[in-house]
Amino acid sequence: MPELPEVETVKRGLESAIVGAVISKVTLRRRNLRAPFPENFEKLLAGQKITKIARRAKYLLFHFDSDVVLIAHLGMTGRFSVVVKGKKEELETHDHVVFDFSDGRKLVYNDTRRFGVMDICDKSEVATHKLLENLAPEPLGEEFTVNYLEKALSKRETPIKPTIMEQKIVVGVGNIYASEALFMAGISPLKPANTIGKKIPLLISCIHDVLNAAIKAGGSTISDFADVSGDSGYFQHSFHVYGRAGKLCSKCGNPIISIRQAGRATFYCEKCQK
DNA sequence: CTCCTGTCCTGCCGGC
DNA sequence: TGCCGGCAGGACAGGA
């Protein structure tokens, strides 16, 4: 379930832990996640030194000194753990990939539901990689402006909530933070996307606020950074509506309700969100 | 182009 | 007690 803040937290943790490390061996314990691993996955990465770790949307980008880039998505349940030398010698059921480092440490990728994906490409091909080329602007980046969002929503008559979860509109806003941002902005999740008009600047600032607060919370409350996954890494203590059906709205005291939109649960307050 | 549905996967939880 | 259905959900494929 990692959304952008959780992926950003993982990225920062990995950055401080394994940049500079050299991969001595790669072991795939199965040949696919959501998609097959590329041919020669192990050979392409063996012997490579990690030079940089970046993030685009919910993708982690591991850069290596040979100009090869590993693109990784955590899907729903993906989790990276850095294992210190001598610890946790036995692997667990859903440990699908093991990167051994020359210093004796290991990076283990565990993914129960296998919605994650990994691929490798050349540094020069990252921007045009199939997984990345059609992604919308980053929600915390400079391109995510009022003008941009007005234009992006102008022809969209579908409800705003599933629309802001689309990676072609803005990346990184998943089911949880979509509900939270709309609550903060006082916008009904049912409102057609092209009718939120004057509330666009407010929605943008609420998306900024909820993501920034979650990143901040991730950085300060998650001690085992790399184990961020699913519920453990979430900004859950601060949810106003997500998962709170039947509980009382923190603003007005009315019960929070749960509906389904595009096959996903949406939580909101009918009184505060119009 | 927009929009909608189905699909992938495992674990958990409620109902009977 | 065990089985079964439904749900969780990111993001793509494919069809209308």
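The figures here come from the full heavy-atom set of this structure, side chains too, leaving out hydrogens, waters and symmetry mates. In the text below, chain A, chain B and the rest are named by the order of the sequence lines, each starting its count at 1.
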Protein-nucleotide distance ([X], atom [atom1]; [N], atom [atom2]), rounded to Å:
{"X": "Leu74(A)", "N": "dC9(B)", "atom1": "CG", "atom2": "P", "value": "19 Å"}
{"X": "Leu131(A)", "N": "dA11(C)", "atom1": "CG", "atom2": "C1'", "value": "10 Å"}
{"X": "Glu3(A)", "N": "dA8(C)", "atom1": "CD", "atom2": "P", "value": "14 Å"}
{"X": "Lys151(A)", "N": "dC1(B)", "atom1": "NZ", "atom2": "P", "value": "13 Å"}
{"X": "Met118(A)", "N": "dG10(C)", "atom1": "CE", "atom2": "C1'", "value": "16 Å"}
{"X": "Ile169(A)", "N": "dG10(C)", "atom1": "CD1", "atom2": "C1'", "value": "16 Å"}
{"X": "His129(A)", "N": "dC12(C)", "atom1": "NE2", "atom2": "C1'", "value": "14 Å"}
{"X": "Lys161(A)", "N": "dC3(B)", "atom1": "NZ", "atom2": "C1'", "value": "16 Å"}

Assess the side chains of Ser124(A) and Asp122(A): does a donor N or O sit below 3.5 Å from an acceptor N or O? yes
Strictly below 4.0 Å: does [X] bring a side-chain N or O up to OP1 or OP2 of [N]?
{"X": "Lys58(A)", "N": "dA11(C)", "answer": "yes"}
{"X": "His73(A)", "N": "dA11(C)", "answer": "yes"}
{"X": "Arg260(A)", "N": "dA8(C)", "answer": "yes"}
{"X": "Thr158(A)", "N": "dC3(B)", "answer": "yes"}
{"X": "Arg264(A)", "N": "dA8(C)", "answer": "no"}

Consider the side chain of [X], meaning its heavy atoms from C-beta on, and name the nucleotide among [options] that approaches it most closely.
{"X": "Arg114(A)", "options": "dG10(C), dC12(C), dT10(B)", "answer": "dT10(B)"}
{"X": "Tyr59(A)", "options": "dG10(C), dA11(C), dC4(B)", "answer": "dA11(C)"}
{"X": "Arg156(A)", "options": "dA11(C), dC3(B), dC9(B)", "answer": "dC3(B)"}
{"X": "Met165(A)", "options": "dG10(C), dT10(B), dC4(B)", "answer": "dG10(C)"}
{"X": "His94(A)", "options": "dG10(C), dG11(B), dA8(C)", "answer": "dG11(B)"}
{"X": "Phe115(A)", "options": "dC9(B), dA11(C), dT10(B)", "answer": "dC9(B)"}

Give me the atom names and distance for the closest heavy-atom approach of [X] to [Y].
{"X": "Gln273(A)", "Y": "Tyr268(A)", "answer": "OE1-CB, 3.1 Å"}
{"X": "Pro192(A)", "Y": "Glu157(A)", "answer": "CB-O, 3.6 Å"}
{"X": "Ala46(A)", "Y": "Val26(A)", "answer": "N-CG2, 4.4 Å"}
{"X": "Thr145(A)", "Y": "Glu142(A)", "answer": "CG2-O, 3.2 Å"}
{"X": "Val173(A)", "Y": "Glu3(A)", "answer": "C-OE1, 4.0 Å"}

Is it true that Lys25(A) and Glu42(A) have a side-chain N and a carboxylate O under 4.0 angstrom from each other? no
Does Arg34(A) make a side-chain donor-acceptor contact with the base of dA11(C), cut-off 3.5 Å? no
Write out the stems for DNA chain C, ordered by first number and formatted as range with range, counting runs of at least 3 consecutive Watson-Crick or G-U wobble pairs under 3.5 Å. B:2-16 with C:2-16
If each of Arg113(A) and Lys130(A) is mapped to the nucleotide of DNA chain C with the nearest heavy atom, which maps nearer the 5' terminus, i.e. the 5' end? Arg113(A)
Nearest nucleotide by nearest heavy atom, which residue falls closer to the 5' end of DNA chain B, Pro159(A) or Thr112(A)? Pro159(A)
Phe267(A) six-ring face occupied by Lys247(A) cation (under 6.0 Å, within 45°): no
What is the nucleic acid contact for [X], judged by heavy atoms within less than 4.0 Å: base, sugar-phosphate only, or nothing?
{"X": "Glu166(A)", "result": "nothing"}
{"X": "Lys168(A)", "result": "nothing"}
{"X": "Ala262(A)", "result": "nothing"}

Would you call the rings of His96(A) and His94(A) parallel, tilted or perpendicular, taking 30° and 60° as the class edges? perpendicular
